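I have placed the structure first, in the form of structure tokens, so that the comments after it can refer back to it.
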Amino acid sequence: MRFSQIFGHTLKEAPSDAQAISHQYLIRGGYIHQVAAGLFSYLPLARRVLNKIEGILHEEMAAIGGQEVTMPVVLPADMWQESGRWYTIGSEMTKFHDRKDHDMVLAMTHEEALCNLASKYIRSHKELPQLVYHIQTKWRDDARPRAGLIRVREFKMKDSYSLDTSWEGLDKQYRAHYQSYFNIFNRCGLDVLAVKSDTGMMGGKIAHEFMYLTPIGEDTIIYCDNCGYHSNRQVADFKKPEAVKEDLKELEKVETPNSKTIEELADFLEIPESRTAKAVFMVATVQEDNETEVEKFIIAILRGDMNLNETKLANAVKAKDLRPAHEDEIKAAGAVPGYGSPVGIKGAIVVVDDLAAESTNLVGGANEDGYHLLNVNCGRDFKADLVIDITAAETGHRCIECGHVLEAEKAVEVGNIFKLGTRYSEAMNVTYQDKNGKVQPVIMGSYGIGVGRLLSCVVEQHHDDYGIKWPISIAPFEVEIVLLHDKKGTEAQDVAETLYEEFKAAGVEVLFDDRKESPGFKFNDADLVGIPLRLTVGRRALDKGGVEFKLRGSKDNEIVPVDKAVEKIKAEIERLHKEIRDSLQTVEYKD
RNA sequence: CGGGCUGUGGCGCAGGGGGAGCGCGCGCCGUUCGGGACGGCGAGGCCGGUGGUUCAAAUCCACUCAGCCCGACCA
């Protein structure tokens, strides 16, 4: 490709909208164009990168037995009604009517489509196991697109679906994906971490997320430096401190003016925060059946020095939605904000964290302005509907595995794998006949990778102050020829043209900067666009007997004779590929 | 959906009741040519939109739309 003919051009300055480095470089490099919030056009350069990534996805899927299909982006509503997600997913899902006034859905993901397909074609245990996948557009009307391609509304995703007759079969495919995903990300040059995660809207049993650690991420990983434990904060476990257990003392009301927060209360009473109980008032939306959902008032009780993990609480009460209660709702329940506790409150679901439930003689609210109760004890003074871990793991807590101090770091989720089990197959009748002729639900898994998000994360990981530094595996071109105008004659021009033809003939992906621009301009663009290998053809190098070879990001360069240039570049391409191949490792599966 | 910020040529920005400007980029001509060269000529904007105030609005007011950041949410 001649640089002069590329559709799109580089920019000296990024639009002020672009904050994330990947967003800035992708726009400045002429890779992407923003159409609206969370909607992007991919220009030819980016398209080439996407093609490379998709190529890797195809190879790795094939390696674990995946068969490619394509399912529609527009889906009829009835299959989403069958799965129930029609009713449980909110405005993130776009629904519309076709001309016949049928309810339609823009697919956010394709479990329903796949189940519908599988229910038609899977009949017998002899046809299982299966692994099918596609790379398809998804639409999620996200409330807050951000950071360029990191969080968008329309995006392409590789999603695969495994179909098995046994849990062992599912486990095998799940583990195959676990390894495959490391291969995929590492082949793209991205360092990732697999962490245990919440199953969220997907439902199902076990899930892992593949995380790229970066401060611009919006997930938080809790990890242990000592033993390697890591988990999404949403589901992170930690070793709770020993509960203080004393003989139960008598309940006593004390005046505690201006002590609405745990900190103020602990200060006022001169006790540690760990001797208090924190009441968090929440409202959960719970699905009664497909048609009705009800709001339930929840009082969550934690030890005063701990914070609520809303995901854990939502899962504990099977909430579709969970939000903090409004002040009037708290009052209506008979509690007093700042002085609240479940003591004497009726009609609320009381969820007590195990640590708070075991602790004795805590200080809790009296549900009276300016008063607290000493020696509150779970079970005696209030009844717990549920005792379960609902505390958020935080920096400084102890590792559940080894007791070492936990750390936290931000991350972007670039992939996920879910053991769905029979959650969809039962709802959508994806069944087969087993050896005994008995009808059984298929046991499923689903496995996703956001292609554009992966691309932008690679830019986050591979760049410097001048631009992108593509790994050879996904670079839009392998080598860039930079032609510097030679006023004394046409030799440079001729050499560059010849090399360009030779590279094309040799099957090397070459970008030829043939533009009539000054050297500095071209070098800066080369750095920005980020092609891994660079050949500079100019008077200076020709006088030294060849053309100048340089790796993107390296300061060193060497003169290569013109007739050795193709050979040299091919060797360098192979060397870079080998570097990536050699870095691939078998990873240990962690539950 | 809450809080904050921003909308003026392709990009970056200034101006802030009476002329629509600057830098970069873009077109043509000439010079230049190893890290974003220079001169000359030129194209390009109903100042996000609507309504209002005013003799007069890019500028003041109201409403509205869009984008970005933080939060809620989410792959």
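Every chain is numbered from 1 and lettered A, B, ... according to where its sequence line falls, protein lines coming before strand lines. Nothing here was measured: the structure is a model prediction, and the numbers come from that model.
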key: Under-4.0 Å side-chain N/O to phosphate OP1/OP2 contact, A:Arg539 with B:G34   =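 No.
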Which of these nucleotides, [options], is closest to any side-chain atom of [X]?
| X | options | value |
| --- | --- | --- |
| A:Ala37 | B:C13, B:C68, B:C11 | B:C68 |
| A:Glu92 | B:G12, B:G67, B:C74 | B:C74 |
| A:Arg146 | B:C74, B:C33, B:C69 | B:C69 |
| A:Arg144 | B:G71, B:G36, B:G12 | B:G71 |
| A:Lys12 | B:G36, B:C1, B:C74 | B:G36 |

inquiry  = I'd like to know if A:Arg28 reaches the base of B:G36 with its side chain such that a donor and an acceptor end up less than 3.5 angstrom apart.
reply    =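 Yes, a donor-acceptor pair under 3.5 Å.
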inquiry  = For B:C73, does the base pair up with any side-chain atom of A:Arg151 as donor and acceptor (N or O, under 3.5 Å, distance only)?
reply    =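 Such a pair exists between side chain and base.
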message = Any strand counts, and the cut-off is 3.5 Å on both contacts for Watson-Crick or G-U wobble. Which nucleotide pairs with B:C47?
response =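 No nucleotide pairs with B:C47.
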Option from A:Arg144, A:Lys410, A:Arg146 for which side-chain hydrogen bond (donor to acceptor under 3.5 Å, both in side chains) with A:Glu218 holds =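 Filter result, single survivor: A:Arg146.
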Counting the atoms with a prime plus P, OP1 and OP2 as sugar-phosphate, which does [X] contact under 4.0 Å by heavy atoms, base, sugar-phosphate, or nothing?
| X | answer |
| --- | --- |
| A:Asp525 | base |
| A:Ala18 | nothing |
| A:Arg534 | base |

ask   = On a whole-Å scale, what distance lies between the P atoms belonging to B:A58 and B:G18?
value =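 Result for the P pair: 10 Å, nearest Å.
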